[in-house]
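What follows is one structure encoded as structure tokens, with my remarks underneath.
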Amino acid sequence: MCLKARHPKTKRDLLNMKTSCLWILPVLILLQLGIEQVESKKYQRCELTRVLVENYNFDKTFISNWICLVEHESYLDTTKVTKKGNESKNYGLFQINSKDYCTEGRKGGQCNMKCEDFSNDDISDDIACARMIQEREGFKYWKGWDRFCRNPQNLPNLRVACNLRSLSPVRSPRGFLTG
């Protein structure tokens with residue numbers, strides 16, 4: 001009724017129309033205040049494969065390990081947060097733990113990151129931290145990888161499913177990686 005362009009016939013119609021439009025004002029005010037919104041992204045397997053290889057220069061040799069890990073840790077969802085028994089939480093696509101690698105509410109941990117920053121659609125910070133973890137501890141850091149992906153026979157065949165051979169890092173005109 002609020003959005004319809006009609007002329008009220010009586011004072012009662014006018015009052016009903018004004019009352020039904022009252023919800024718009026608070027919504028508009030909240031939008032104007034610029035409330036911090038967390039953008040989320042739920043990837044598809046091949047979409048994330050393409051992003052990791054082309055935009056972040058992931059080695060094709062290990063990309064099946066990374067995709068398997070993410071599928072079993074976060075189900076390809078950037079907003080995933082998991083509470084752990086030791087009072088810590090795992091955040092984002094790579095389920096990075098707040099105990100060692102990030103700090104809730106402010107930058108900190110070994111990645112010097114705010115944990116909440118791992119739960120949005122900007123995965124560049126997640127990737128930087130996950131790569132550091134993988135270099136230090138290997139894929140075994142992630143329980144999902146250790147349980148489901150350790151055996152190479154369990155890894156997804158991205159070469160076939162996602163046409164991995166056709167993917168290569170995207171370069172800018174100056175030769176630097178984008179993303």
Side-chain angles (χ1 to χ4, degrees), residues 30-150 154-156 158 162 164 167-179:
L30 290 174
L31 289 174
Q32 286 293 345
L33 291 174
I35 294 175
E36 186 177 324
Q37 295 179 2
V38 174
E39 296 293 324
S40 65
K41 175 77 176 156
K42 176 120 167 103
Y43 284 94
Q44 297 296 317
R45 175 187 275 180
C46 292
E47 176 189 19
L48 183 59
T49 299
R50 188 184 74 255
V51 167
L52 295 180
V53 171
E54 292 182 345
N55 296 359
Y56 295 98
N57 201 23
F58 271 66
D59 186 339
K60 291 181 190 180
T61 306
F62 298 105
I63 195 68
S64 290
N65 284 279
W66 285 107
I67 295 299
C68 186
L69 175 158
V70 170
E71 285 178 337
H72 288 94
E73 289 290 332
S74 66
Y75 309 106
L76 303 161
D77 185 353
T78 62
T79 61
K80 176 106 170 141
V81 177
T82 308
K83 292 182 182 181
K84 306 305 286 179
N86 63 357
E87 302 297 317
S88 69
K89 294 178 186 171
N90 288 346
Y91 286 87
L93 204 56
F94 297 95
Q95 290 293 280
I96 296 169
N97 191 266
S98 63
K99 183 177 178 219
D100 297 315
Y101 288 99
C102 61
T103 302
E104 293 176 331
R106 62 180 170 80
K107 285 188 172 190
Q110 293 179 45
C111 290
N112 194 30
M113 289 297 304
K114 184 174 150 184
C115 295
E116 294 82 0
D117 289 343
F118 293 136
S119 295
N120 59 28
D121 65 350
D122 175 7
I123 62 171
S124 58
D125 47 6
D126 308 49
I127 287 170
C129 188
R131 282 180 157 164
M132 188 193 79
I133 294 168
Q134 197 278 331
E135 286 173 11
R136 290 181 178 183
E137 301 189 41
F139 287 113
K140 67 184 182 325
Y141 165 81
W142 289 279
K143 302 294 183 237
W145 181 88
D146 197 42
R147 185 170 176 202
F148 297 103
C149 310
R150 176 187 286 269
N154 294 339
L155 295 176
L158 301 174
C162 303
L164 185 60
L167 302 179
S168 59
V170 176
R171 302 221 175 244
S172 70
R174 295 183 180 203
F176 297 104
L177 291 174
T178 61

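Sequence positions, counted from 1, serve as the residue numbers for this chain.
Arg147 CZ: 12 or fewer foreign heavy atoms inside a 6.0 Å radius.
Here the straight-line distance linking atom CG of Leu155 with atom CZ of Arg150 works out to 12.0 Å at 0.5 Å rounding. In this structure, CG in Leu158 is found 10.0 Å from CG in Asn65, a value given to the nearest 0.5 Å. Taken to the nearest 0.5 Å, the CD1 atom of Ile133 stands 8.5 Å off from the CG atom of Asn97. In this structure, Lys140 NZ and Gln134 CD are separated by 9.5 Å, a value rounded to the nearest 0.5 Å. Distance CD/Glu54 to OG/Ser168: 6.5 Å, rounded to 0.5 Å. How far CZ of Phe148 is from NE2 of His72: 5.0 Å, rounded to the nearest 0.5 Å.
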Audit row: Asp126, Met113, side chain to side chain contact (heavy atoms under 4.5 Å, CB included) steps and yes/no: CA-CA 9 Å; Asp126 308 49; Met113 289 297 304; over 6 Å; no
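Residues Ile67 and Leu52 have side chains in contact (heavy-atom distance under 4.5 Å, counting atoms from C-beta outward). Looking at heavy atoms from C-beta onward, Asp117 lies out of side-chain contact with Tyr91 at the 4.5 angstrom threshold. Asp146 places none of its side-chain heavy atoms less than 4.5 Å from the side chain of Phe139. Annotation: side chain of Lys89 is in contact with side chain of Lys83 (closest heavy-atom distance under 4.5 Å). The shortest side-chain heavy-atom distance between Ile123 and Tyr56 falls under the 4.5 Å cut-off. Using a 4.5 Å heavy-atom threshold, the side chains of Tyr75 and Lys42 count as touching.
No side-chain donor-acceptor contact under 3.5 Å links Gln95 to the backbone of Lys143. In this structure, the side chain of Thr78 does not engage the main chain of Leu93 through any donor-acceptor pair within 3.5 Å. Judged purely by atom type and a 3.5 angstrom limit, Glu116 has no side-chain atom pairing as donor or acceptor with the backbone of Glu104. With hydrogens and angles ignored, the 3.5 Å screen pairs no side-chain donor or acceptor of Lys84 with any backbone N or O of Ser98. Side chain of Ser74 to backbone of Phe94: no donor-acceptor contact under 3.5 angstrom is found.
Here the closest heavy-atom approach between residue Asn57 and residue Pro169 is recorded as OD1-CG, 2.9 Å. Across all non-hydrogen atoms, the minimal contact from Asp59 to Thr61 is OD1-N, 2.8 Å. Taking each heavy atom of Leu69 and Cys149 in turn, the nearest pair found is N-SG, 3.8 Å. Of all heavy-atom pairs spanning Leu76 and Gln44, the tightest one is CD1-C, 4.2 Å. Nearest heavy-atom pair, Cys102 versus Ile96, reported as atom, atom and distance to 0.1 Å: SG-O, 4.4 Å. Scanning both residues, Gly109 and Thr103, for their nearest heavy atoms gives N-OG1, 3.3 Å.
Between Tyr101 and Phe118, the distance from one ring center to the other does not fall under 6.0 angstrom.
Using the six-membered ring where Trp is involved, Trp66 and Phe58 have ring planes that are perpendicular, over 60° apart on the 30 and 60° scheme.
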